Amino acid sequence: MGSVSLKIGDGTARFRRATVCSSAVNILMIFSVITTNLFALFAFTSSPKDLHTHHLLHKNFSLISEQVTLILREIDLSQKKLAQIEKDLLGYESIDLSRNNTANELKLFLHRHHLPLGKDSKTGITEMVSSVGHSCDKSSDLLSQYMSYKVSGPCLNDWSVAQKLVLKGCEPLPRRRCFAKTISKVGLLHPFPTSLWEPPVNNTVNWSGLGCKSFECLKGKKLSRDCIGCFDLVNGYENQKFVKSRSKNDFLVDDVLTLGGGGIRIGLDVGGGSGSFGAVMAERNVTVVTTTLNVGAPFSEFIAARGLFPLFLSLDHRFPFYDNVFDLVRAASGLDGGGRQEKLEFLIFDIDRVLRGGGLFWLDNFYCVDEEKKRVLTRLIERFGYKKLKWVVGEKVDSLGSGKSQAVLSAVLQKPVRV
């Protein structure tokens with residue numbers, strides 16, 4: 001049974017579900033009331049000869065009352081502990097919303113919303129809890145800056161603040177009630193599939209917060225190992241990647257698709273630079289989602305201008321996809337965040353989760369740095385029991401580092417069907 005409380009003033013009703021602890025309290029209270037009444041009845045009807053017996057009963061009743069009080073105290077303490085555990089599990093409850101600089105919009109967003117009809121019979125939940133990253137508490141000043149805006153007005157041009165929060169682990173970000181800055185792209189976007197290899201115009205991008213203010217500036221930049229001149233779609237190597245190889249570690253798309261036996265339809269490109277892998281796959285009727293961040297360049301807008309699917313997401317975030325949905329997952333050196341082995345394990349386990357049984361995991365030119373790194377990665381991959389369809393270890397010059405040759409691993413692995 002549940003209890004109902006009505007607040008006539010604001011016209012709202014809240015439904016609370018009964019818990020095991022609250023039922024136990026009710027039973028103990030009923031027991032105390034009955035015991036007290038019986039004791040009173042006995043006191044009024046007993047004779048003087050029963051005074052000794054009455055004294056003993058009174059003593060026993062006092063002991064019972066003390067025990068009931070202790071039990072009630074323990075139940076109350078247990079309820080408080082359970083509430084604290086729930087707050088810790090939810091994560092955002094650790095955010096101190098009583099700070100003076102906390103934005104009112106953040107407080108409103110994080111407020112719990114009770115279901116109007118009480119407990120949902122299918123899910124068992126009684127209230128809706130807004131999602132926000134647990135690490136947001138460590139960047140409360142930035143978070144309040146991000147959530148300080150005029151409701152129903154234009155959002156501040158603060159995408160760089162949002163990305164700083166994401167990179168600090170504040171992911172997902174809270175939703176906002178303001179209108180994001182728009183850029184007129186009417187007549188500036190090329191039709192598909194011409195858009196795949198036609199350079200977007202500068203006016204289709206928000207360049208605020210970036211060092212470069214044009215694609216011409218970005219063409220010669222070395223932004224990462226996987227993005228060296230990756231914004232040059234005409235004169236650079238970008239339009240030849242995945243269709244022409246420069247070393248034995250460069251696998252061709254058509255060869256990989258053949259290994260998939262014709263069952264490759266949708267894929268995930270983890271940290272896919274400017275989206276050229278998605279473009280090559282789109283020409284072969286394969287839909288690819290590319291995870292991006294705008295670190296040093298407008299990757300998200302550039303990929304979208306090509307008619308492809310960018311997903312603004314850091315590698316520390318759990319992939320927002322259901323289990324076993326992708327036919328192919330490709331990842332390159334961006335997979336290595338430079339952290340501990342466990343960090344890489346968390347990421348590869350999540351890749352394994354979203355990859356279907358029989359699907360392909362393409363590890364593309366992964367820099368191993370040294371022999372120990374190669375052994376760690378090899379042992380990690382072997383734990384999953386994947387079938388090695390292609391496995392090539394070679395050397396490449398580290399163009400971002402010392403310029404020395406380093407070992408690189410390229411592999412196409414097939415996920416087993418686990419029962």
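Keep in mind that the numbers below use all heavy atoms, side chains included, and drop hydrogens, waters and symmetry copies. Everything quoted here is computed from the prediction, not taken from an experiment.
The closest donor-acceptor contact from the side chain of Asp350 to the backbone of Phe319 lies under 3.5 Å. A donor-acceptor distance shorter than 3.5 angstrom exists from the side chain of Ser144 to the backbone of Ser140, with no hydrogens or angles considered. No side-chain donor-acceptor contact under 3.5 Å links Ser139 to the backbone of Leu142. Distance alone, capped at 3.5 Å, is enough to place a donor-acceptor pair between the Tyr149 side chain and the Arg177 backbone. Of the possible polar contacts, none joining the Arg225 side chain to the Asn365 backbone as a donor-acceptor pair under 3.5 Å is found. The main-chain N or O of Val201 is found under 3.5 Å from a side-chain atom of Thr204 such that the two form a donor-acceptor pair. In this structure a side-chain-to-backbone donor-acceptor pair under 3.5 Å is present from Asp232 to Asn235. Side-chain atoms of Gln414 come within 3.5 Å of backbone atoms of Gly358 as a donor-acceptor pair (strictly under, hydrogens ignored). No donor-acceptor distance shorter than 3.5 angstrom exists from the side chain of Asp327 to the backbone of Gly359, with no hydrogens or angles considered. Side-chain atoms of Arg383 do not come within 3.5 Å of backbone N or O of Arg379 as any donor-acceptor pair.
Heavy atoms only, all atoms of each residue included: Ile303 and Ser274 are closest at CG1-O, 3.3 Å. For the residue pair Gly296 and Leu218, the shortest heavy atom distance occurs at O-CD2, 3.9 Å. Considering all non-hydrogen atoms of both residues, Leu233 and Pro200 come closest at CD1-CD, 4.5 Å.
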Handout entry: side chain to side chain contact (heavy atoms under 4.5 Å, CB included) between Lys343 and Asp316, worked out
Key = CA-CA 9 Å; Lys343 187 178 180 68; Asp316 290 319; 2.6 Å; yes
Problem - Check against side chain to side chain contact (heavy atoms under 4.5 Å, CB included), Lys181 and Asn206 - result: CA-CA 9 Å; Lys181 180 182 179 180; Asn206 175 18; 4.0 Å; yes
Exercise for the section: List the steps and the verdict of side chain to side chain donor-acceptor pair (under 3.5 Å) for Ser208 and Asn157. Expected result: CA-CA 8 Å; Ser208 64; Asn157 192 11; 3.0 Å; yes
Exercise for the section: For Asp269 and Val289, run side chain to side chain contact (heavy atoms under 4.5 Å, CB included): C-alpha distance rounded to whole Å, both residues' side-chain angles, the deciding distance at 0.1 Å, then the answer. Expected result: CA-CA 6 Å; Asp269 191 13; Val289 177; over 6 Å; no
Problem - Derivation and outcome, side chain to side chain contact (heavy atoms under 4.5 Å, CB included), residues Val166 and Leu293 - result: CA-CA 9 Å; Val166 169; Leu293 281 176; 4.3 Å; yes
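Every residue was checked against the ring pair (Phe, Tyr, Trp, His ring centres under 6.0 Å) condition with Trp159, not counting sequence neighbours, and none meets it.
Geometrically, Arg246 engages Tyr237 in a cation-pi contact defined by less than 6.0 Å to the ring centre and at most 45° from the axis. Judged by the 6.0 Å distance and 45° axis criteria, Arg175 is not positioned over the aromatic ring of Phe109. A cation-pi geometry, defined here as NZ or CZ lying under 6.0 Å from the six-membered ring centre and within 45° of its normal, holds between Arg330 and Phe277.
Here the side chains of Thr378 and Ile381 are not in contact, with every heavy-atom distance at 4.5 Å or above. Residues Leu360 and Val256 have side chains in contact (heavy-atom distance under 4.5 Å, counting atoms from C-beta outward). Leu344 places a side-chain heavy atom less than 4.5 Å from the side chain of Leu380. With a 4.5 Å cut-off on side-chain heavy atoms, Leu268 and Leu328 do not count as touching. Leu311 places none of its side-chain heavy atoms less than 4.5 Å from the side chain of Thr290. Taking 4.5 Å as the limit, every side-chain heavy atom of Val253 sits out of range of all side-chain heavy atoms of Val243. Counting heavy atoms from C-beta outward, Phe215 and Pro199 have side chains that stay 4.5 Å or more apart. Looking at Val392 and Leu409, their side chains never come closer than 4.5 Å, going by heavy atoms from C-beta outward.
Open room surrounds NZ on Lys221; 12 or fewer heavy atoms of other groups in view lie less than 6.0 Å from it. In this structure, Phe192 places its CZ atom where more than 12 heavy-atom neighbours from other residues, nucleotides or ligands lie under 6.0 Å away. More than 12 non-hydrogen atoms from other residues, nucleotides or ligands lie less than 6.0 angstrom from NZ of Lys388. Counting heavy-atom neighbours within 6.0 Å of Lys107 NZ, excluding the residue itself, gives a total above 12.
Inspection of the Trp207 and Glu301 side chains reveals no N or O donor paired with an N or O acceptor under 3.5 Å. A donor and an acceptor atom, one from each side chain of Lys244 and Asn239, are nowhere located under 3.5 Å apart. A side-chain donor from one of Ser300 and Asn294 sits under 3.5 Å from a side-chain acceptor of the other.
Here CG of Asp352 is found 11.5 Å from CG of Leu347. Values are rounded to the nearest 0.5 Å. Rounding to the nearest 0.5 Å gives a distance of 5.5 Å between CG of Leu106 and CE of Met147. Taken from CG in Leu77 to CG in Leu72, the straight-line distance is 12.5 Å, to the nearest 0.5 Å. Atom CG in Leu259 sits 11.0 Å away from atom CG in Asp254 (nearest 0.5 Å). Atom CZ of Arg353 and atom CD1 of Ile351 lie 10.5 Å apart (nearest 0.5 Å). Residue Thr292 holds its OG1 atom at 8.5 Å from CZ of Phe299, rounded to the nearest 0.5 Å.
With ring centers used as reference points, Phe349 lies under 6.0 Å from Phe384. Taking the ring centroids of Phe242 and Phe251, they lie at or beyond the 6.0 Å cut-off.
The pair Arg306-Glu198 fails the salt-bridge criterion, with no side-chain N (NZ, NE, NH1 or NH2) lying under 4.0 Å from an Asp/Glu carboxylate O. For Lys396 and Asp250, the salt-bridge test passes: some basic side-chain N is under 4.0 Å from an acidic carboxylate O. One finds no salt bridge joining Arg176 and Glu105 here, because no Lys/Arg side-chain nitrogen approaches an Asp/Glu carboxylate oxygen to under 4.0 Å.
Under the 30°/60° scheme for interplanar angles, the aromatic rings of Phe361 and Tyr386 are found to stand perpendicular.
The list of side-chain hydrogen bond (donor to acceptor under 3.5 Å, both in side chains) pairs with a residue in residues 162-174, not counting sequence neighbours, reads Glu171-Ser314.
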